[in-house]
Structures are given as structure tokens and as C-alpha cells.
Student: 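Take this structure, written in C-alpha cells, and hold onto it; I'll ask about it next.
All of these numbers come straight from a predicted model, not from anything done at the bench. Letters A, B, ... mirror the listed sequences (proteins, then strands); counts begin at 1.
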There are 2 protein chains.
Amino acid sequence: MKNDSRLSRMLHVLIHMDQLAGAATSEQIAQMLSTNPVVVRRTLAGLREQGYVRSLKGPGGGWSLARKLEEISLADIHRALDSPRLFAISATVDHAGCLVEQAVNAALSSAFDEAEQALLARLDSISLADVARDFARRARRKSARP
Amino acid sequence: MKNDSRLSRMLHVLIHMDQLAGAATSEQIAQMLSTNPVVVRRTLAGLREQGYVRSLKGPGGGWSLARKLEEISLADIHRALDSPRLFAISATVDHAGCLVEQAVNAALSSAFDEAEQALLARLDSISLADVARDFARRARRKSARP
DNA sequence: GCAATATGTAACTTCCACTGTTGCGTAGGA
DNA sequence: TCCTACGCAACAGTGGAAGTTACATATTGC
Ligand code: FES
Ligand code: FES
């Protein structure tokens with residue numbers, strides 16, 4: 001199964017957007033992510049619907065933050081991406097009605113559901129501002145000993 | 001991303017194997033899983049390497065348990081399948097050296113690693129015998145009120 | 001108005017890992 | 001010897017994210 005990298009990419013972009021003066025074009029963002037402007041617009045569209053970013057057409061246009069980093073959690077972005085599947089593993093219904101299968105799926109589902117809740121809670125507790133502060137820390141450390 | 005159903009399927013099969021008198025052929029198992037005998041052999045091969053099942057050729061041959069359900073945890077089977085990726089989401093290295101990207105990936109990785117550890121611990125705490133007991137409970141309940 | 005810029009969107013193709021299939025080889029029982 | 005069942009290589013199929021092309025639309029500035 002191929003990996004979904006949208007969450008990682010969007011978090012990266014949002015923090016860069018916060019540090020830029022004006023707006024960033026899809027073209028510029030695409031270069032940050034080593035990808036195509038259309039992919040950027042497609043993915044950012046979801047965040048715009050949820051009010052996290054704005055987009056403007058025409059010269060001088062592009063994408064900019066609509067809210068402060070402090071007000072956005074990592075889980076918010078996950079949800080704005082339509083809550084993609086977190087797990088690569090899932091139960092099956094190969095033989096509907098089989099009680100063995102049902103018992104197996106019940107055991108697996110409870111474990112995975114619990115893990116998902118814990119993970120989302122954790123992602124909800126981290127704001128983009130937290131990540132930006134960690135970035136600033138890394139930048140200071142790097143300039144201190146180059 | 002397509003889902004990985006090997007863990008679910010193998011747990012299902014192992015419990016059925018425990019309840020059968022003799023061995024089960026790949027053909028029979030394939031019918032349980034609504035799939036192909038080759039898929040069954042391919043997947044069970046990993047479990048055989050780890051000593052959880054045996055296979056015999058020729059008439060009367062097939063697959064049988066090599067250990068008791070009590071001695072096998074759900075996580076054991078996950079590992080016997082070569083520990084497939086648990087998460088459908090992952091970090092990226094789109095712009096190596098970017099400290100923002102590194103801070104994002106650090107935040108995501110710690111959250112995902114933590115969730116993975118908790119999930120595996122949970123799967124390690126459940127034995128196949130536990131699931132078999134839950135199956136027996138479901139069977140009793142069903143025969144009680146049909 | 002016109003040209004240039006930038007997003008919006010549809011309609012593809014590509015990529016990747018799990019899944020499914022075919023074919024042939026090998027081992028073991030009757 | 002014949003039949004059964006696994007072992008394995010070498011494909012094709014599948015589904016969803018990612019990438020690409022093409023064109024429409026809106027906005028700025030002359
Ligand atoms: S993409 Fe983060 S610095 Fe270039
Ligand atoms: S597969 Fe037929 S009963 Fe479990």
C-alpha cells in the first residue's frame with residue numbers, strides 16, 4: 001500500500017506560510033514539496049473549506065493563513081483532509097456469519113479503535129505553534145554550532 | 001491505499017484449525033477466506049517459519065497448528081507476517097535539510113511511534129485462546145436464542 | 001480592453017503494495 | 001504409477017494517492 005503524505009506535507013507548508021510576509025503561490029509551494037502545483041491546490045482546497053487558509057487569484061495572489069498557528073492542531077488538519085484512513089490494516093468479512101471471524105474482528109477492532117482514539121487525542125494536543133517553536137529551537141541550535 | 005487483511009485472515013484460520021480434528025488443505029482454507037489456495041500458502045508460509053503451523057504434502061496432508069492457541073498472541077502473528085506497515089500515513093522528505101520539515105516529522109513520528117507501541121502491547125496481551133473463548137461465548141449465545 | 005498571473009477543476013496517467021491467477025515442479029500416500 | 005497437496009516463480013488485477021495535461025475563470029495593472 002502506498003503511503004499517504006498529505007498530512008505531513010500540509011503541516012510543513014502551513015508553517016512556512018506563517019513565516020512568509022505575503023502569500024505563496026501554488027508554484028512556490030510545489031517546489032517546497034517537490035511536486036506539482038495542481039497537487040498543491042487540490043490538497044489545500046480541503047483546508048480552505050475548513051477556514052484554515054485563504055486563496056486569491058491573479059497577480060500577487062496565492063495562499064495565506066486564515067488563522068493563527070496557535071489555533072490549529074495537527075488533528076484539525078487531519079480532519080480537514082477528510083480524515084484519511086490512519087491504519088494500513090483492517091478486518092475483513094470473508095465469510096459473513098462466521099462467529100470465529102466475528103470474534104477476531106471484534107478483538108482487532110477494539111484494539112485499533114482504541115489506538116486511533118489515543119492517536120487523535122495526541123494530535124489534537126499539539127498545535128502548529130508548538131511545532132513552529134520546535135522549528136525555532138532547531139534553527140537556533142543550528143546557527144549556534146554550524 | 002488498499003487494506004492489508006492478512007492479520008485478520010490468519011487469526012481467523014488459526015482458530016478454525018484448532019477446532020478441526022485433522023489438517024486443513026489450502027483449498028479448504030481458501031474457501032473459508034473466499035480466496036485462492038496460493039494466497040493461503042503464501043501467507044501461511046510466514047507462520048510456518050516461525051513455528052506456529054506445520055504443513056504436510058500428499059493425501060491427508062495440509063496445515064495444522066504447531067503450538068497451542070494459549071501460546072500465540074495476536075502480535076506474534078503480526079510479527080510472523082514480517083510486521084507489515086501499521087499506518088497508512090507517513091512522513092516525507094520532500095526538501096531534505098528543511099528544519100520545518102524536520103520539526104513536523106519529529107512531531108508526527110513521536111505521536112505515531114507512541115501509538116504503535118501501545119497498539120502492539122495491546123495485541124501482545126491478547127492470545128488466540130482469548131479470541132477462541134470469545135468465539136465460544138458467541139456460539140453459546142446464538143444457540144440460546146436462535 | 002488586453003495581457004499577464006494565478007487559482008479551479010476535470011480527465012486523464014503513473015505508481016505501489018496487497019491480492020489474485022496460472023503453470024510447473026516436488027513430495028508423499030495408496 | 002496415479003493422485004493429492006504443498007512450493008514457488010511469474011505474471012495480471014485492484015484501489016487510492018500522486019503526478020500531469022489542458023482549459024476555464026478571476027484579478028491585477030497597463
Ligand atoms: S521546503 Fe521547508 S525550506 Fe524548502
Ligand atoms: S470461515 Fe466458514 S465458518 Fe469461519
Student: Does Ser55(A) put a side-chain nitrogen or oxygen below 4.0 Å from OP1 or OP2 of dA6(C)?
Tutor: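 For dA6(C), OP1/OP2 do not have a side-chain N/O of Ser55(A) under 4.0 Å.
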
Student: Is there a side-chain contact between Arg9(B) and the phosphate of dC18(C), meaning an N or O under 4.0 Å from OP1 or OP2?
Tutor: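 Negative; the distance criterion is not met.
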
Student: Looking only at side-chain N and O atoms, does Arg122(B) offer a donor or acceptor that is under 3.5 Å from a partner on Ser110(A)?
Tutor: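 Yes.
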
Student: Take the protein atom CH2 of Trp63(A) and the nucleotide atom P of dT27(D), then report the distance between them rounded to whole Å.
Tutor: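 Nearest whole value for this atom pair: 15 Å.
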
Student: Look at all strands and tell whether Arg54(B) reaches a base, only sugar-phosphate, or nothing, counting heavy atoms closer than 4.0 Å.
Tutor: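 Arg54(B): no heavy atom of the nucleic acid under 4.0 Å.
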
Student: Between atom CG in Leu86(B) and atom P in dC18(C), what is the gap in whole Å?
Tutor: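 Going from Leu86(B) (CG) to dC18(C) (P), I get 12 Å.
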
Student: Rounded to whole Å, please give me the gap between CD1 in Ile29(B) and P in dA5(D).
Tutor: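 Distance check: Ile29(B) CD1 to dA5(D) P gives 12 Å.
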
Student: Grab the CG-P distance between Asn36(B) and dA5(D) for me, whole Å please.
Tutor: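 Between P of dA5(D) and CG of Asn36(B): 15 Å.
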
Student: Taking only side-chain N and O atoms of Ser5(B), does any of them lie within less than 4.0 angstrom of OP1 or OP2 on dT19(C)?
Tutor: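 So the side-chain polar atoms of Ser5(B) do come within 4.0 Å of the phosphate oxygens OP1 or OP2 of dT19(C), strictly under.
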
Student: Hey, is the side chain of Arg42(B) pairing donor to acceptor with the base of dG20(C) inside 3.5 Å?
Tutor: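 By the distance-only test, yes, there is a pair.
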
Student: Going from CZ on Arg67(B) to CZ on Arg54(B), what distance comes out if it is rounded to the nearest 0.5 angstrom?
Tutor: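 So the gap between those two atoms works out to 11.5 Å.
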
Student: As a test of reading the structure: which of dA6(C), dA17(D), dC18(C) is closest to the side chain of Thr25(A), going by heavy atoms?
Tutor: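 Closest of the options to the side chain of Thr25(A): dA6(C).
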
Student: Phosphate oxygens OP1/OP2 of dC6(D): is one of them under 4.0 Å from a side-chain N or O of Ser26(B)?
Tutor: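 Checking Ser26(B) against dC6(D): at least one side-chain N or O falls below 4.0 Å of OP1 or OP2.
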
Student: Find the distance Arg85(A):CZ to dC16(C):C1' and express it as a whole number of Å.
Tutor: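 Taking atom C1' of dC16(C) as the reference, CZ of Arg85(A) is at 13 Å.
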
Student: Among the candidates dT20(D), dT21(C), dA4(C), find the nucleotide nearest to the side-chain atoms of Val38(B).
Tutor: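 Minimum distance to the Val38(B) side chain belongs to dT21(C).
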
Student: With DNA chain C as reference, determine whether Val39(B) or Pro84(B) sits nearer its 5' end, using the nearest nucleotide of each.
Tutor: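 The 5'-side residue here is Pro84(B).
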
Student: Do Arg133(A) and Glu70(A) meet the salt-bridge criterion of a basic N to acidic O distance under 4.0 Å?
Tutor: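 Answer for the salt bridge query: yes.
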
Student: Measure the distance from NZ on Lys57(B) to C1' on dA5(D) and round it to the nearest whole Å.
Tutor: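 It works out to 8 Å between those atoms.
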
Student: Looking at dT7(C), dG7(D), dC3(D), which one has an atom nearest to any side-chain atom of Pro59(B)?
Tutor: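 Selected nucleotide (nearest to the side chain): dC3(D).
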
Student: With distance as the sole criterion, is a donor-acceptor pair present between the side chains of Asp76(A) and Ser73(A) under 3.5 Å?
Tutor: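 Asp76(A) vs Ser73(A): donor-acceptor pair found between side chains.
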
Student: Does Thr43(A) or Arg41(B) map to a spot on DNA chain D nearer the 5' end, using the closest nucleotide for each?
Tutor: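 Looking at the nearest nucleotide for each, Arg41(B) comes out on the 5' side.
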
Student: By nearest nucleotide on DNA chain D, pick out whichever of Gly58(B) and Gly60(A) is the more 5' one.
Tutor: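 Whichever sits nearer the 5' end wins; that is Gly58(B).
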
Student: Can you tell me how far P of dG20(C) sits from CG of Asp4(B), to the nearest Å?
Tutor: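 The distance from CG of Asp4(B) to P of dG20(C) comes to 11 Å, rounded to the nearest Å.
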
Student: Which atom names give the shortest non-hydrogen contact between Ser26(B) and Val40(B), and what distance separates them?
Tutor: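 Heavy atoms of Ser26(B) and Val40(B) come nearest at O-CG2, 4.1 Å.
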
Student: If I take atom CD1 in residue Ile89(A) and atom C1' in nucleotide dG15(D), what distance separates them, rounded to the nearest angstrom?
Tutor: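 Nearest whole value for this atom pair: 17 Å.
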
Student: Is a side-chain donor-acceptor pair under 3.5 Å present for Asn3(B) with Ser5(B)?
Tutor: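 Per modelled atom types, Ser5(B) and Asn3(B) side chains form no pair under 3.5 Å.
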
Student: Distance check: side-chain N/O of Arg6(A) vs OP1/OP2 of dG16(D), anything under 4.0 Å?
Tutor: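 Checking Arg6(A) against dG16(D): no side-chain N or O falls below 4.0 Å of OP1 or OP2.
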
